[in-house]
Structure formats: structure tokens, C-alpha cells
Amino acid sequence: MLQGFLLGLSTGATCLAYCAPVLFPYLLGEAKSIRQTAWTLSRFMLGRLLGYLVFAVFAWLTGNYLNTLTDRREMLIGFIYILLATLLLWYGLGQTSVPCAAGSLRGFAATLAQERPALFPLLLGLFTGLNLCPPFLLAFIAAGENSTLGHSLLFFLSFFAGTALFFLPAPLLGLGKNVSQLKNVGRLAAAVMSVYYFYSGLLLLWGGMISS
Amino acid sequence: MNAFAANREWKKALLFSLPMLLISGLLFLSGKPLTNPAKLAPAVITFLFINITFFCMIYTGQTHKYRSRFFILASLLFVVSFIANLIEVRGTMELSAANMLDGETPLCPLVIPMLIIPAALTHTIIFPGSLFAAHAGVAPMLVLWLGFSLAVGRGWCSWICFFGGMDEGFSRLCRKPKITAVDSKWTALPWAVLLGIVLTSAATLSPTYCAWLCPFKTVTEFPAIESAKTALQAVIFSSLFIGLVVVLPILTGRRTQCSLFCPFGAFQSLFNKINIFAVRINRADCVNCNLCLQKCPTFSLDEQSLQAGKTLLSCTKCGKCIDICPKKAIAFHIKGTPLHLNLQTARVLYLYPAFTFAAVIGGGCIYGGLERIFRLAVTGSMIH
Ligand code: SF4
Ligand code: SF4
């Protein structure tokens, strides 16, 4: 559970930096008072949590499937860690754009916001929760290592709590206006964390090789 | 030219220097056996050096020039006394597992951000040092660090940090920068490293920066090379030291380890928010020559901040921009007071806490290093 929380903390800045351009213009434009902002934000966070829980179920199913594929699960996970860590490094240092699913809302956001104003932040949250950026994929694999569905859900719940720490104060503090430096921190943090996951992947591979 | 320098008010400067004379006298001349020349001579030299430096700062109105000399010398002599001390006590610079178990490691301030989450979660200090050891124990170091941070914020990085002094020393070897354009996105790296090490330290319950990334292991103590892992760590430490502390500062003229890598520096920047001292630019006097921006050792000014009349959060209050501004548009400032009022008072009020701490820590390093050098001259060996 701690792992999930810490992973959430490490990717929170990135999530915030990339989803903020989608979220904040709406939040800052719509809500007038702190109370209104907090209400919109809680619906957004609920949507995000739902997105994460959907992924927790998928992560658990994937983990189980991997178990049936091979008895060298450790080595496989180690290999995936190395692969994802490389991707994370490339994403951290390269000029890639991040597949934040909420971006696809842009097109019909205005219509939806007008016709279903109560539902809009929820959907926005759900879509930013259904994210396929490399840090998120790492969380996916890490959660898949859990043997029960309950553990996988708990992992994503704590992952959510970790990222939420970045989301909650941001709109209230007006951080949405200046996300470029935050984006740099998020990207470079991803690159730094990639080294850690690369090393963990190597250790898993090494351990798997020794025990086989 | 400021009021003190212009009017040659040396008597006034002397008066302002008296408190420092008293503090340093208590520190370096009391308690030392005055009959032992090997101890008396370094104590007297340190005492004189501290007071001459402070007097010059007050009298000439120049901060950076004198601070920098003191800072660099303290850093060099810190390495001399630290290594000599290690060899005396352990016979080597290597840190073995047994030394760690014995809690013999002095607390390095750089480890502080990594202690917070594990201390909150497990109620343990994840550092192999003793809480109340006589030499840099965890508790006294934490108190000293907190006091200084509250008093002068990130001034730590230009007045106290012996590692910063090495970075500054090498950056001052640069006469004409070979690299002038550094993408501002790299100034986010210390924050990213900070995030990374805080999280990995919490996940592994060990200070990961010390174990894997600290460039200064190269000139202090490092884990004994006993396996492929410790060999890899040694390679990382020395590459980071050569790259960030030696080569890049010489090529850029900037403190690259402090401004583009050090996670403790980023952490320390947060104290600039709550500290009452700041460096401010008076827009009315500024002619936008950009000299301060080009010369700031830590990239703490950019065009936006200059227009806003403020430095960035990372400012180490080194005083360089203040000294070099041709229009004297930059000054130390007490938050909440009018910008152009009492500039000298604000400066002197800042110099007292900043230099007192510098005298305590840096003066200790200078004394320790000099004592070893004197011993070498007299006995032919730095160690007992
Ligand atoms: S050095 Fe002085 S005059 Fe030049 S840009 Fe900086 S503040 Fe303005
Ligand atoms: S802004 Fe000025 S005082 Fe601050 S670090 Fe840069 S040169 Fe030093």
C-alpha cells in the first residue's frame, strides 16, 4: 500500500502538469468561490478515482494472466520494469506528448459543460484517470503483482491518494496559471524515477536468474 | 558607491564589527590551550580572518567578494580536516558496514529531506549516525540547520554549505564561459531529484541520495568498495563530482551542482518563502542591462523575475548581483518594508545572522584545516 502511495506521489506532479491544462481553465472559469471550486474538484476527483479502480481490476486480471503464462513471473516483471523504465526515461528527457485521455474531451467539452454541467467534472476526472502515460503503466504493473483483487484495489486507492495530494491544493493556489515549470519537474522526476525502476528491474531479473 | 564606502566611515564599520569580534573571540580564542602553538596559531589566524572579512564587508559595502573568499577557503579546509580526521580515527576514507552499525557517520545536512517521511512513518532516523555524538551528531546538526534556515533561508547555500564552496571555487576559475546558454528547464532538475530521493528513501527506508548520488562522497567518506554494487556507486560519485562540481562550473562560470542537481538546495529554497530577508530589484533604477541575470551563479534571475523586481525562489543571497549591478538597483531587503528605505540597515541586519553562522561552521572548518596543516609542518604528519 505504501508503494502505491509513493508511486502516486512520484507521478502526481506529472499527472497534474499534463491534465491541468484540461482541468484548470474549466475550474478557474466556472467556479467563483472556494466552496464552488471545492465542489467541482471533488466531483473531478471522484471521477478520477473511478477511473483508477477500473484500472485496478484490469491490473489484477493481467497479473493473473501473466501467472498462467510463465512460472518465471519475477523475470518477466523485471523485464517489463526495465522496458517501462526506458520508456519513462525517454518520456522524461525527450520531446514526447503524453496520452492524457482527458485531452480527447476538448472537442465536445463545451457542449457537455453546457448541457450536463453536473456530470462534466466527473467525466473529466474519469478520463484523466484513464491515463496511459509511462508512470501510470508502472503503477499498473506494480498493482498486477498483487495476488488478490482487494490488494490491487488498495494499491490503486493509495496510488490515487498520492496523486491527489498534488491535485487538491493546485486550483485553490492558482497553480494552473503557471504549469510549465511544474511540467519540467514532472518530466525530470519521471526520468529520475526511471533509474530506480531500471535498477529494481535488473534486481528482479538477476534474482529470477539465480533462483531458476 | 554605498554610504559606508563613500564616506570612509571606518570607525563606524569598526563599531559594527565589534559584535563579530566578540562572538569569534569566544569561539576561537577561549577554551584553546594558549600555550600550545600548534593550536594557538590556527586559532589566532582564523579569528583574524573572520574579523577582517567581516570588517571589509561592512567597510567596503561589497558582500560577494569577501563572502566568496571565506566560503571557498572554509570548504577547502573542511576537506583537509575531514579527511585527516577520518584517517586518524579509521585509518581510511572508506566507510565499512561496521562503522555504519556503530553509528559513526557524522550527519550531513543533505540527508535531512530524506529523513522526514521515514521518521514520520516508522519513528526512526534512517541515517547511520548517533543522535548526540560530539562530532556532528544528528540532534545538534538539525538544530543548527533549522536555526540558520529560519534566519536566512537558502542563504545556507552561499554562506554555510562546505560543498557549495567547492562548486563556487571551481566556477570562479572560469574567466570566460565556454557554455553560456543553459536551457532553463534544467533548473527544475533539483526538484525532480528531491522528489525522487524523498520517495525512494521512504520506499527503501535508506538515504538513497547518500547511497547512490552524492558527488561529495568523492572528497569525504564513501562505502568500502567490496562488490560490484559499491564499485558502481563509486563510479557514480566520482563522475558526478568531476562533471558537476569541476568541469561544468569551469565551463559555465556557474555553480552547476548547486543549481542544476542538488536536491537539498531545492529543499532549502522553500525556506526563502518564510524568511524575512530577500534580494530585490528597484525597477526605477534598473536599465535592463541583464548583467545580473548573466552572472547569477545559480540561475536565480530570469527576465520575468527581473521585470517583477524579484529573484527566483532559488536565490542563495550570495550578494553577487548586488555588487555587480552598475546602477546599484539591487539590494538586500527586509520583506514588508519599503524598497528604497534603509538599504544599509537591511544589509547589515542580514549580514549579522548570515556571517555569524558562517563564522561558526566555516570558521570551525578553517581552524580544523589549519591545525592539520600546522601539524604537518611541525611533525611531518597531519594525524596524531
Ligand atoms: S545588473 Fe542592475 S541594471 Fe542591469 S539588469 Fe540587473 S538590476 Fe538592472
Ligand atoms: S539572485 Fe543575486 S543574490 Fe541571489 S543567487 Fe543570484 S547573484 Fe546571488
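Below, all heavy atoms of this structure are taken into account, side chains as well, without hydrogens, waters or symmetry copies. Convention: sequence-line order gives letters A, B, ...; per-chain numbering from 1.
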Closest non-hydrogen atom pair, B/Ala192 against A/Ala189: CB-N, 3.2 Å
Enclosure of A/Phe58 CZ (heavy-atom neighbours >12, cutoff 6.0 Å): no
Side chains of B/Thr208 and A/Tyr196 in contact at under 4.5 Å (non-hydrogen atoms): no
Minimum heavy-atom distance A/Val192-B/Leu189, with the two atoms named: CG2-CD1, 4.4 Å
Segment of B/Ser184 engaging chain A (4.5 angstrom heavy-atom cut-off): backbone
Rounded distance [0.5 Å steps], CG in A/Leu188 versus CH2 in B/Trp191: 13.5 Å
